[in-house]
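Every number for a ligand or one of its atoms is a count from 1 in the order of the listing. Numbers for residues simply follow the sequence, beginning at 1. Since the structure is predicted, the reported quantities are computational estimates derived from the model, not experimental observations.
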Amino acid sequence: MPALVLGPMLRYVDASSASIWVETDAPCSVSVVADGHAHDSRTFTVHGHHYAIVDLVGLTADVESYAVELDGERVWPEEGRPPSRIRLLPPEGPRRMAFGSCRTSVPHDAAHVLTHGEDVLRAYGGHLMTADDDEWPDLLLLLGDQVYADSPSPEMLEFIRARRDDEPRGEIADYEEYAELYRQAWSDPEIRWLLSTVPTAMIFDDHDLRDDWNTSHTWREQMAATSWWRRRVISGLGAYWIYQHLGNLSPAEREAEPLLRILREGTGDGGGALDAFADKADADTSSTRWSYARDLGHTRLIMIDTRCARQLTPGDRRMLDPVEWQWLVDEVGKPADRLVIGSSIPFLLPEGVHSVQNWNEALCDGRWGRVVARLSERFRQAVDLEHWAAFRRSFDDLARLLVRVGKPTLVLSGDVHYSYVAKANAGRIHQIVCSPIRNPLSPLLRWANVITQFGVATLVGGWLARSARIPRPPFRWRVTDGPWFQNALATLTFPDRATWYQSSGNTIKEIASVQIT
Ligand SMILES: [Fe+2]
């Protein structure tokens, strides 16, 4: 009898449809039973793993409890857990969204709580099991580093060591290991239940593939010279497509995906087709668009791929290649009362750090000669100078675009391992950062960050940028709240109150709450 390996995960939900993703341990038919109606799909197979995504369309009311059947046998809900329900998106848009980034999935024992803190997403799941309806989010945004392919947990390392003894040691190598990495990340009972009943929208950051992913052309050359990177990037992007990307899409968008049609119509294992797709996505950024946009009532959500769509030509590097940039311009211009932009890496850094990244980019491009360029590239990789500021042309383009469009804009970000709010002094642009969910900086690094990012960089950043003749950004901004360094998950309650939570056991506790005006 087939069984669930992972899921069900409630992914795309709008005012009348919902999509549910599962991984099973054998090919089978998958039925989602909601309000007496069965919605069916068949699994497709990739690298020996079996997946289905079932669309429930034409829904007219919330579903109080859905069930999953594999070949007619009920496998979900699990005994002793609250029902998995489907709350449709209100036509006027979300009442509340939750968001965060950077979550390592290490064990929850005392030793790991000491090194990694508590898992706030897990605590949030536990909290929602008994929370009132008005506390529920309509959507959970996972803004990057959902899995750490470059620093696996002890259990994951055991899995790797039992299979092989070759490069890359202590890191994920192929699709099989990625599948296990995702299974471990999303199998805690509270997490699994949370993901079965709160819709999610996701985008990757570097660690889903590897630290510093696509920071520069030099970085790509260094990785290409290893024996193992090509297999890793093909597997990482393929697994991302299966585990994260497919559920980001509406049923109509997914139907239009040629790869999904190939996998569903094929009779054998579609691993080869997935690998070919992923290989092309890495080699030719314009062949695939990982970014996506959704209308959430009057709010337009735009999730930007700030990693894979990069153009890394030295001297003309851009966060988004021209095709992706034009897509963003079009999406930002569509009718909406407000924009919520998900960008795994922050757009508005502390101003001094912004200037340092501008300066480093100019030096990497040879402003002060070739020797300095080589040293600057090392510095870029060593201290993660890879945010929008390190792609100055793209930062300036986006800043001008958002001011020109003039809509209230909230940029939601993660990655930096502290949380804060920044406000631009032009347009109506705010940025809200929530990081990490579970991967805190050590106390020493917190102080180092405060001193360098909010102290030294503020003092010398502007001077460095001027010394390299870098033009001033189109507008100025300031950090109005934060930084907070503890593990956190944030919620955004419309209209526009952001609240950060930390956890203690299964309870969550407010860190800060800020009215965004
Ligand atoms: Fe990151």
Taking it one step at a time, do Phe395 and His387 satisfy ring pair (Phe, Tyr, Trp, His ring centres under 6.0 Å)? CA-CA 9 Å; Phe395 176 92; His387 302 95; over 10 Å; no
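Looking at Asp415, its N, O or S atom nearest to the Fe ion (ligand 1) turns out to be OD1. Its N, O or S atom nearest to the Fe ion (ligand 1) is what matters here, and for Asp206 that atom is OD1. Restricting Asp205 to its N, O or S atoms, the one at the least distance from the Fe ion (ligand 1) is OD2. Closest approach between the Fe ion (ligand 1) and any N/O/S atom of Asp145 involves OD2.
Ring geometry for Tyr243 versus Tyr175: interplanar angle of 30 to 60°, hence tilted.
Between Arg307 and Asp208, none of the side-chain N atoms (NZ, or NE/NH1/NH2) sits under 4.0 Å from a carboxylate O, so this pair counts as no salt bridge.
Residues Asn439 and Tyr148 approach most closely at ND2-OH, 3.0 Å, considering heavy atoms.
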